[in-house]
Each structure stands twice: as structure tokens, then as C-alpha cells.
S.K.: 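Before anything else, here's the structure in question.
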Amino acid sequence: MTKSRQYLLISGLIVVLLLVVARMQLTSHPSNHTRMVVDHTLQTYVAPPCFDDAELTNYLSETTWSKVKELHYKPESRCTEERIQPIKQTLWNKLLQSIGLSSSPWSW
């Protein structure tokens, strides 16, 4: 095999690999450091984008998703349930998020 054919074969493999990376779907979960608001009176949590419509008491604090899971609080509304669900993302998008060139769906 000639050098030019080797380069062409390697280039083709790289293109195929890039296409696979760009299209491969992964399930992404919110980070344990995702910000959440908890209502200790009602023992519920709220995703910040849903805060304005939430029916809460005054005993609130800001915490993380990992702390909410430890507390075993319930979501305050359907909005919060939907916002915290895992989503499908391409491997390319995950890579961009991991190096800081794109923001996470949970970076509120």
C-alpha cells in the first residue's frame, strides 16, 4: 500500500470516527452540584427555573441536587420534575460541556 493510500485510509477513518462522535446519543443526568431550592416546611424541592410559579413557605434554602436526594424531598411541581429528568445528548455536546465551551442544561 502506498503512502498516499495510507493517508487517505487514515483520513477516512478519522472522518467516520468524528461522525460517530457527533451522532452518538448518551443519557445525561444532572450533576450532583446542580443548584436547587428546598422548602423545609413542605419538604419539597424546586428547580430554579420553576421558582416563580412555585407555592412555597418562607423556610427556604438553596442547596445542591445531591443534598436534595439525601433529604428525600419531593418535587414541588411537574415543572421541577421535568427540569431534573435525564436527557439524551450527543457525545459531541457532552464533550463541549466538559471542556466549558457549552453550558449544561442544568446550569441555572
Side-chain angles (χ1 to χ4, degrees):
M1 192 180 280
T2 65
K3 285 259 190 215
S4 61
R5 289 197 92 179
Q6 287 177 341
Y7 289 132
L8 185 60
L9 180 63
I10 290 171
S11 298
L13 290 174
I14 289 172
V15 167
V16 168
L17 180 64
L18 288 174
L19 288 172
V20 167
V21 167
R23 302 288 296 157
M24 185 184 295
Q25 294 282 317
L26 301 172
T27 301
S28 296
H29 297 270
S31 158
N32 282 333
H33 301 291
T34 301
R35 288 178 44 230
M36 300 300 286
V37 176
V38 293
D39 183 328
H40 295 287
T41 302
L42 301 175
Q43 295 186 341
T44 59
Y45 64 90
V46 179
C50 305
F51 185 80
D52 289 340
D53 296 327
E55 296 181 21
L56 305 169
T57 67
N58 288 334
Y59 189 21
L60 304 175
S61 65
E62 186 174 321
T63 190
T64 62
W65 178 235
S66 64
K67 185 66 175 175
V68 167
K69 291 187 289 187
E70 284 176 25
L71 294 170
H72 301 290
Y73 283 5
K74 302 292 181 217
E76 188 274 336
S77 67
R78 184 88 175 127
C79 174
T80 295
E81 283 182 67
E82 291 171 359
R83 291 291 190 132
I84 207 69
Q85 289 297 314
I87 61 169
K88 293 279 189 189
Q89 287 186 302
T90 63
L91 185 55
W92 178 252
N93 286 341
K94 286 286 284 184
L95 178 65
L96 290 177
Q97 289 169 15
S98 69
I99 60 176
L101 295 178
S102 178
S103 61
S104 163
W106 300 283
S107 60
W108 43 62

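Since this is a predicted model, take the numbers as computed values, not measurements.
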S.K.: Which value, rounded to the nearest 0.5 Å, describes the distance between H72 atom NE2 and Y45 atom OH?
M.R.: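 Output value for this atom pair is 12.0 Å.
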S.K.: Looking at CG of L42 and CD of E76, how far apart are the two atoms once the value is rounded to the nearest 0.5 Å?
M.R.: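 The distance works out to 8.0 Å.
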S.K.: For the backbone of T57 and the side chain of D39, can you confirm whether one donor and one acceptor N or O come within less than 3.5 Å of each other?
M.R.: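 Yes: the side chain of D39 pairs with the backbone of T57.
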S.K.: So if you build clusters from Ile, Leu, Val, Met, Phe, Trp, Tyr with side-chain heavy-atom gaps below 4.5 Å, do W106 and L96 land together?
M.R.: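 As far as the 4.5 Å side-chain criterion goes, L96 and W106 are not connected within one cluster.
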S.K.: Taking atom CG of N93 and atom CE of M24, what is their separation to the nearest 0.5 Å?
M.R.: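 Reported to 0.5 Å precision, the distance equals 13.5 Å.
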S.K.: Would you kindly confirm whether L19 and L26 end up in one hydrophobic cluster when ILVMFWY residues are joined by side chain heavy atoms under 4.5 Å apart?
M.R.: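 No; L26 is not reachable from L19 via cluster members.
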S.K.: Mind checking what makes side chain to side chain contact (heavy atoms under 4.5 Å, CB included) contact with S61, not counting sequence neighbours?
M.R.: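 S61 satisfies side chain to side chain contact (heavy atoms under 4.5 Å, CB included) with V38, H40 once adjacent residues are dropped.
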S.K.: Side-chain contact, heavy-atom cut-off 4.5 Å: S28 with Q97?
M.R.: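 Side chain of S28 against side chain of Q97, heavy atoms only: no contact under 4.5 Å found.
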S.K.: Rounded to the nearest 0.5 Å, how far apart are OG of S4 and CG of L9?
M.R.: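 Here the rounded value is 11.5 Å.
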S.K.: Suppose we screen for side chain to side chain contact (heavy atoms under 4.5 Å, CB included). Which residues come up paired with L18, at least two apart in sequence or across chains?
M.R.: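 For L18 the side chain to side chain contact (heavy atoms under 4.5 Å, CB included) partners, ignoring immediate neighbours, are I14.
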S.K.: Please indicate whether K74 has more than 12 foreign heavy atoms, meaning atoms of other residues, nucleotides or ligands, lying under 6.0 Å from its NZ.
M.R.: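 For K74, atom NZ is not crowded (no more than 12 foreign heavy atoms under 6.0 Å).
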S.K.: Quick one: does T27's side chain get under 4.5 Å of K88's, heavy atoms only?
M.R.: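 Result yes, sub-4.5 Å side-chain heavy-atom pair found.
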S.K.: Are I87 and L91 connected in the hydrophobic side-chain network, where two residues link if heavy atoms are under 4.5 Å apart?
M.R.: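 Result: no, two separate clusters.
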S.K.: Donor-acceptor check, side chain of W108 to backbone of R35, threshold 3.5 angstrom: yes or no?
M.R.: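 Yes; at least one donor-acceptor contact below 3.5 Å.
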S.K.: Measuring from atom CG of L8 to atom OG1 of T2, what distance do you get when rounded to the nearest 0.5 angstrom?
M.R.: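 Rounded to the nearest 0.5 Å, the CG-OG1 separation comes to 9.0 Å.
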S.K.: For Q6, is the CD atom crowded, meaning more than 12 foreign heavy atoms sit under 6.0 Å from it?
M.R.: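 Yes, the 6.0 Å shell around CD holds more than 12 heavy atoms from other groups.
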S.K.: Atom OH in Y73, atom OG1 in T80: separation rounded to 0.5 Å?
M.R.: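 Rounded to the nearest 0.5 Å, the OH-OG1 separation comes to 15.0 Å.
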S.K.: Flag yes if Y59 and L71 sit in one hydrophobic cluster, no otherwise; membership is Ile, Leu, Val, Met, Phe, Trp, Tyr, and two members link when side-chain heavy atoms are under 4.5 Å apart.
M.R.: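 In one cluster with Y59: L71, no.
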S.K.: Under the side-chain contact (heavy atoms from CB on, under 4.5 Å) test against V68, which residue among I84, T63, V46 passes?
M.R.: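 That would be T63.
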S.K.: Check T64 against M36 and note the closest heavy-atom contact, atom names and distance.
M.R.: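 T64 and M36 have their closest heavy atoms at C-CG, 4.2 Å.
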